[in-house]
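All values reported here derive from a predicted model rather than from experimental measurement.
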Amino acid sequence: MSDRTQLEYTLAQSTATPGASPDPTRPLALTIARAAEDRKGDDIVLLRVSEVCYLADYFAIVTGFSNVQVRAISQAIADQVEAEWERLPLRIEGQSDASWVVMDYGDAIVHILKPQEREFYNLEAFWGHAERIDFSVAPRG
């Protein structure tokens, strides 16, 4: 685990409320968001869906403006998660069309969409009752 990821994990542990169980998936979600940001992913939203959904603990929703950029964001996330967490996605769908790529890490699911698809499916509204996570405030390494 990199120093940045360890710091994020420690921060997540230290900010947990007393008696609450630690959130081991949050640092993974932050890694995903930062990898998307590094490839100029736009309007990155992290949703903690564990309280409202049994599919995963976190959803990351990212906009890419072309098929090439959607694929590049997907590859950057896969590379960064593998490097920091030694994990590969359980499944990736949509890479051939690249208008909406879904990456399933089990406890975190990534949606990378082009603007038209993102507006049409409006995942943020569908999962609007989930907690929105501001990843920009976490320290960077």
Side-chain angles (χ1 to χ4, degrees), residues 1-17 19-141:
M1 194 180 310
S2 75
D3 291 338
R4 182 181 86 207
T5 305
Q6 182 60 46
L7 177 63
E8 291 167 352
Y9 181 77
T10 303
L11 180 64
Q13 299 299 325
S14 67
T15 59
T17 56
S21 61
D23 185 354
T25 308
R26 187 182 190 110
L28 171 64
L30 294 172
T31 298
I32 289 167
R34 292 212 172 99
E37 183 180 51
D38 288 346
R39 285 288 177 241
K40 306 296 186 221
D42 193 47
D43 195 15
I44 301 168
V45 174
L46 286 179
L47 299 175
R48 190 169 72 88
V49 296
S50 58
E51 300 293 319
V52 298
C53 170
Y54 66 89
L55 296 173
D57 293 336
Y58 285 87
F59 283 173
I61 306 168
V62 182
T63 297
F65 293 101
S66 69
N67 295 8
V68 171
Q69 186 186 20
V70 168
R71 285 188 196 103
I73 293 168
S74 169
Q75 189 62 53
I77 291 169
D79 292 346
Q80 195 65 34
V81 170
E82 184 176 5
E84 288 187 27
W85 295 93
E86 298 178 358
R87 289 179 63 177
L88 297 173
L90 302 172
R91 181 176 211 114
I92 300 176
E93 293 293 333
Q95 282 187 313
S96 59
D97 180 43
S99 60
W100 181 359
V101 172
V102 178
M103 305 174 74
D104 182 358
Y105 283 96
D107 41 8
I109 297 176
V110 184
H111 300 271
I112 310 162
L113 304 98
K114 288 175 43 181
Q116 277 187 318
E117 285 75 6
R118 185 159 181 179
E119 183 180 341
F120 181 79
Y121 290 103
N122 200 2
L123 297 175
E124 294 96 324
F126 187 79
W127 295 104
H129 48 294
E131 178 186 356
R132 211 174 181 126
I133 305 299
D134 181 7
F135 75 93
S136 63
V137 297
R140 283 195 83 131

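- Heavy-atom minimum distance, Ala76 versus Ala35: O-CB, 3.8 Å.
- Atom-to-atom distance recorded for Ile77:CD1 and Met103:CE is 5.5 Å, nearest 0.5 angstrom.
- In this structure, Tyr121 has its ring center closer than 6.0 angstrom to the ring center of Trp100.
- Minimum interatomic distance between Val101 and Ser74 (heavy atoms only, all atoms of both residues): CG1-OG, 3.8 Å.
- Heavy atoms only, all atoms of each residue included: Gly64 and Pro115 are closest at O-CD, 3.3 Å.
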Which pairs of donor and acceptor atoms, one on a side chain in residues 39-48, lie under 3.5 Å apart (sequence neighbours left out)?
from: Arg48; atom 1: NE; to: Glu131; atom 2: OE1; distance (Å): 2.7
from: Arg48; atom 1: NH1; to: Ser50; atom 2: OG; distance (Å): 3.2
from: Arg48; atom 1: NH2; to: Glu131; atom 2: OE1; distance (Å): 2.8

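- Side chain of Glu117 to backbone of Leu113: no donor-acceptor contact under 3.5 angstrom is found.
- To the nearest 0.5 Å, atoms CH2 (Trp127) and CG (Asn122) are separated by 13.5 Å.
- The NE2 atom of His111 lies 9.0 Å from the CG atom of Asp104; values are rounded to the nearest 0.5 Å.
- Ile73 CD1 to Arg71 CZ: the interatomic distance, rounded to the nearest 0.5 Å, is 12.0 Å.
- When the ring pair (Phe, Tyr, Trp, His ring centres under 6.0 Å) test is applied to Tyr58, no partner is found at least two apart in sequence or on another chain.
- The CZ atom of Arg118 lies 8.0 Å from the CG atom of Leu123; values are rounded to the nearest 0.5 Å.
- Closest non-hydrogen pair, Phe59 versus Cys53, comes out as CZ-SG, 4.4 Å.
- Considering every non-hydrogen atom in both Ala56 and Val49, the closest pair reads O-CG2, 3.3 Å.
- When every heavy atom of Arg26 is checked against every heavy atom of Ile133, the shortest pair comes out as NH2-CG2, 3.3 Å.
- Atoms CG and CG, on Asn67 and Asp97 in that order, are 6.5 Å from each other to the nearest 0.5 Å.
- Thr31 places a side-chain N or O within 3.5 Å of a backbone atom of Pro27 that can act as its donor or acceptor partner.
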